[in-house]
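These figures come from a predicted structure and were not determined experimentally. Only this structure's heavy atoms are used, side chains among them; waters, hydrogens and symmetry mates stay out.
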Protein chains: 2
Amino acid sequence: MNGDTVGIERFRTFLRERSLRITQVRERVALAALQRRGHFDVDEVVAELRRGGVRASRATVYRALPLLEQAGLITATVGRRERQRYERTLDRGHHDHLMCTRCQRLVEFEYEAFEVLQREVAEKYGFKLTGHSHQLFGLCPDCQGRRG
Amino acid sequence: MNGDTVGIERFRTFLRERSLRITQVRERVALAALQRRGHFDVDEVVAELRRGGVRASRATVYRALPLLEQAGLITATVGRRERQRYERTLDRGHHDHLMCTRCQRLVEFEYEAFEVLQREVAEKYGFKLTGHSHQLFGLCPDCQGRRG
DNA sequence: CTTCATGCAAAAGATTTGCAAGTTC
DNA sequence: GAACTTGCAAATCTTTTGCATGAAG
């Protein structure tokens with residue numbers, strides 16, 4: 001019983017709880033998304049599905065991914081104006097992102113100090129911390145000095 | 001000589017440095033943007049301009065705001081899939097957000113330590129830092145213990 | 001069988017772009 | 001005058017939606 005299987009089971013439970021249907025397509029989308037490593041977008045999931053011989057429309061994937069997100073299996077990344085991207089929640093660990101605003105290059109970093117400080121801030125305001133989104137923007141070495 | 005005037009001067013310098021033209025419309029857009037307090041989007045700038053009797057097309061404003069951003073006068077905010085919003089850089093200070101996921105209550109906090117660490121991370125990867133988005137999610141004191 | 005999910009194509013919404021006409025240097 | 005800007009409309013791009021048809025419960 002690997003991680004994906006657990007994920008699928010969790011997704012089923014999520015769907016049942018909300019009286020949503022457990023369909024073939026939804027499960028296939030879930031599998032395709034969970035099989036991806038690193039970041040992915042809607043089209044990549046569609047491509048992954050096609051490779052596996054599953055025909056699912058983009059619209060369906062657009063409808064399914066937010067469910068997976070609500071189920072806690074994937075996390076949407078917050079970007080600027082590009083297409084929405086996701087990543088498997090389990091892969092995330094505690095890393096955050098450093099993104100080049102020119103070429104979209106994405107670097108992941110992990111700094112325990114941030115986690116500690118965050119807990120500190122939450123405590124200061126009496127909040128019970130459940131998550132965070134932390135992204136740095138800038139120009140990567142290659143893009144510094146370039147125009148536009 | 002108020003803040004806006006300084007901003008405009010800085011914008012002129014920025015344009016000159018890149019051999020871009022200092023036009024009436026660009027200056028008006030800059031003024032309109034700098035006059036806004038809090039967050040604003042393209043249409044709000046267009047509206048502000050109209051109120052001042054300036055007719056500038058949306059396209060022009062779309063072309064001008066990134067210049068203002070590059071000049072460091074305004075900062076683009078990062079959201080999910082809505083329209084791009086900006087805020088005057090000077091207004092930002094260095095605050096980040098702590099948001100209650102149940103009642104949407106928003107607390108702004110400021111922790112110099114985060115800024116320091118962020119610069120450290122950027123430097124480590126050779127990035128030139130231009131901005132960041134840092135949000136903590138959790139339950140505020142009032143919402144803890146309540147049902148979701 | 002009732003209700004919800006899917007696919008398709010069309011719609012929507014935000015932003016970008018080609019091009020002719022107007023400005024800036 | 002040459003080069004860059006602007007405005008307009010059309011084009012793009014991503015995401016959403018209406019609707020007829022097909023599955024799930």
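Counting heavy atoms of neighbouring residues, nucleotides and ligands inside a 6.0 Å radius, atom CD of A:Glu112 exceeds 12 of them.
The side chain of B:Arg83 places an N or O atom within less than 4.0 Å of a non-bridging phosphate oxygen (OP1 or OP2) of C:dA14. In this model, the phosphate group of C:dT6 is approached by a side-chain N or O of A:Thr23 to a distance below 4.0 Å at OP1 or OP2. An OP1 or OP2 oxygen of D:dT15 is reached within less than 4.0 angstrom by a side-chain nitrogen or oxygen of A:Tyr62. Contact check, B:Arg26 against D:dT6: a side-chain N or O comes under 4.0 Å of OP1 or OP2. OP1 and OP2 of C:dT6 both lie 4.0 Å or more from every side-chain N or O belonging to A:Thr60.
To the nearest 0.5 Å, the span separating CD on B:Glu120 from CD on B:Glu115 amounts to 13.0 Å.
Closest approach of B:Arg28 and B:Val54 over heavy atoms only: NH1-CG2, 2.9 Å. Closest approach of A:Arg50 to A:Ala56, counting heavy atoms only: NH1-O, 4.3 Å.
Aromatic rings of B:His134 and B:Phe114 (six-membered ring for Trp) have centroids within the 6.0 Å cut-off, being under it.
Considering A:Thr60, A:Leu31, A:Leu67 in turn, A:Leu67 is the only one that fulfils the side-chain contact (heavy atoms from CB on, under 4.5 Å) rule with A:Arg26.
With the end axes of the helix from C:dC1-D:dG25 to C:dC25-D:dG1 each set by five pairs, the angle from one to the other reads 30° at 10° resolution.
Each of C:dC25, D:dG7, C:dC8 was ranked by its minimum atom distance to the side chain of A:Arg63; first place goes to C:dC8. Listed candidates were D:dC8, D:dG25, C:dC25. Nearest to the side chain of B:Arg21 is C:dC25.
Between B:Glu27 atom CD and C:dT23 atom P there is a gap of 16 Å when expressed in whole angstrom units. Distance CZ (A:Arg18) to C1' (D:dA24): 19 Å, rounded to an integer number of Å. Rounded to whole angstrom, the span from the CZ atom of B:Arg12 across to the C1' atom of C:dC25 amounts to 15 Å. Taking atom CZ of A:Arg55 as the reference point, atom P of C:dG7 lies 8 Å away to the nearest angstrom. Across the protein-nucleic acid pair, A:Arg28 atom CZ and C:dA5 atom C1' stand 17 Å apart, rounded to whole Å. Remark: P of C:dT15 and CZ of B:Arg85 are 12 Å apart, rounded to the nearest angstrom.
Donor-acceptor pairing under 3.5 Å, judged by distance alone, is absent between the side chain of A:Arg16 and the base of D:dG25.
A donor atom on one side chain and an acceptor atom on the other are not found under 3.5 Å apart for A:His97 and B:His132.
Position along DNA chain C of the nearest nucleotide to B:Gln24 versus A:Ala64 favours A:Ala64 as the more 5'-ward residue.
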